[in-house]
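Take a look at the structure below.
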Amino acid sequence: MRVIPNKRAYLRPEPTSRSLDFRKSRKKRDYRKLLSWLLMIVEILAVAAAAYLLVSSFATQVTMTEESMEPQIGVSDSLLIDKVTYRLKSPEAGDVIAFLPSGDLSGRYSIKRVVAVPGQKVVIKSGIVYVNNKAYTAPVETTAVNDAGIASSTITLGKDEYFVLGDNRGVSEDSRYQSVGNVLKSQIKGKIWFDVTGKNFGVVD
């Protein structure tokens with residue numbers, strides 16, 4: 001006698017509502033875990049991008065290689081450059097700037113103080129710097145000007161031209177000399193705002 005197998009014995013049991021609920025809740029947990037990982041990655045990338053922008057905008061370092069800004073800035077001092085301010089406004093008299101002298105192929109930036117801005121007239125007589133016929137007063141103490149250079153005759157600054165001097169004027173190669181001359185705004189990398197080295201640590205005036 002041939003036995004006919006019971007087909008019902010081979011059928012999978014129908015899923016209960018409890019098992020369906022468990023699967024749904026597990027999927028929800030998996031999605032939440034994935035979402036939390038994605039959010040964490042986005043936060044890390046956002047922090048890294050913000051840090052990069054902050055450093056590149058306000059914390060790019062340049063090293064002082066000359067004595068021309070002593071005692072305010074010493075040789076080998078590490079300085080921070082603000083590269084944002086001059087995108088919003090133009091340099092002002094009294095600012096200490098980092099710029100690449102025209103024709104300098106070494107890529108070494110020079111550090112000097114702005115004395116006069118576009119449209120102004122500069123002349124040096126008897127060791128005194130005159131801007132628009134008024135004696136210029138620097139925000140810090142400077143040495144006397146013994147060599148007026150090309151500024152012994154009145155210089156009228158053109159559009160986007162700046163006249164710069166070193167605070168230690170006896171040893172500074174600056175706008176008084178043909179090798180530097182008037183500095184164009186396109187040559188200016190940014191404003192020196194902080195000295196992070198030694199006894200001069202602090203905001204640069």
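By convention here, the first residue in the shown sequence is residue 1.
- Among S179, S110, S68, the one residue that satisfies the side chain to side chain donor-acceptor pair (under 3.5 Å) test with E173 is S179.
- Not counting sequence neighbours, Y177 has no partner by the ring pair (Phe, Tyr, Trp, His ring centres under 6.0 Å) test.
- The CG atom of L80 sits 10.0 Å away from atom CG of D82, with the distance rounded to the nearest 0.5 Å.
- Two rings, from F99 and Y162, have their centers 6.0 Å or more apart.
- Hydrophobic clustering (side-chain heavy atoms under 4.5 Å, transitive across Ile, Leu, Val, Met, Phe, Trp, Tyr) groups V203 together with V196.
- Distance check: N133 CG to Q120 CD gives 11.0 Å after rounding to the nearest 0.5 Å.
- With sequence neighbours left out, D195 forms a salt bridge (Lys or Arg N to Asp or Glu O under 4.0 Å) with no residue at all.
- The backbone N or O of G181 sits less than 3.5 Å from a side-chain atom of S175, completing a donor-acceptor pair.
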Self-check item: Verdict with reasoning, V204 to F194, per side-chain contact (heavy atoms from CB on, under 4.5 Å)
Solution: CA-CA 5 Å; V204 175; F194 204 89; 5.6 Å; no
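- Closest heavy-atom contact between I81 and W193: C-CD1, 3.8 Å.
- Counting heavy atoms from C-beta on, the side chains of V183 and I188 come closer than 4.5 Å.
- Under the 4.5 Å side-chain heavy-atom criterion for grouping Ile, Leu, Val, Met, Phe, Trp and Tyr, V75 is not connected to L165 through any hydrophobic cluster.
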Quiz item: Can V131 and V117 be said to form a side-chain contact (heavy atoms from CB on, under 4.5 Å), step by step?
Solution: CA-CA 9 Å; V131 178; V117 299; over 6 Å; no
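- The salt bridge (charged side-chain N to carboxylate O under 4.0 Å, His left out) analysis of residues 113-128, with sequence neighbours excluded, yields the pairs R113-D167.
- Y130 places none of its side-chain heavy atoms less than 4.5 Å from the side chain of V122.
- Looking at heavy atoms from C-beta onward, I192 lies in side-chain contact with V62 at the 4.5 angstrom threshold.
- Between L100 and Y109, the shortest heavy-atom distance links the atoms N-CD2, 3.5 Å.
- Contact record, G166 with D174: N-OD2, 3.1 Å, taken as the closest heavy-atom pair.
- When all heavy atoms of A151 and F163 are compared, the closest pair comes out as CB-CZ, 3.9 Å.
- A donor-acceptor pair under 3.5 Å links the side-chain atoms of S152 to the main chain of G149, judged by distance alone.
- Looking at heavy atoms from C-beta onward, S76 lies out of side-chain contact with M64 at the 4.5 angstrom threshold.
- Between V96 and K191 the shortest side-chain heavy-atom distance does not fall below 4.5 Å.
- The OG1 atom of T63 sits 11.5 Å away from the CZ atom of R108 when rounded to the nearest 0.5 Å.
- Applying the side-chain contact (heavy atoms from CB on, under 4.5 Å) rule to V145 yields the partners I124, V129, R169, R176; only residues at least two apart in sequence or on another chain are considered.
- Partners of K89 under the salt bridge (Lys or Arg N to Asp or Glu O under 4.0 Å) rule, at least two apart in sequence or in another chain, are E92.
- Looking at K134 and N132, their side chains never come closer than 4.5 Å, going by heavy atoms from C-beta outward.
- Closest of all the heavy-atom pairs between P139 and G94 is CG-O, 4.1 Å.
- The shortest distance between side-chain heavy atoms of V123 and I155 does not fall below 4.5 Å.
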Practice problem: Quick one: do N168 and M69 satisfy side-chain contact (heavy atoms from CB on, under 4.5 Å)? Show the steps, please. | Solution: CA-CA 5 Å; N168 188 7; M69 292 298 289; over 6 Å; no
Exercise. Please lay out, stage by stage, how I111 and I97 fare under the test side-chain contact (heavy atoms from CB on, under 4.5 Å).
Key: CA-CA 6 Å; I111 312 297; I97 63 171; over 6 Å; no
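- V114 and I73 are members of different hydrophobic clusters when ILVMFWY side chains are connected at heavy-atom separations under 4.5 Å.
- Checked by atom type and distance alone, the side chain of Q72 pairs as donor or acceptor with a backbone atom of D205 at under 3.5 Å.
- Across all their heavy atoms, P118 and D160 have their closest contact at CG-N, 3.6 Å.
- For E66, the salt bridge (Lys or Arg N to Asp or Glu O under 4.0 Å) partners at least two apart in sequence or on another chain are K112.
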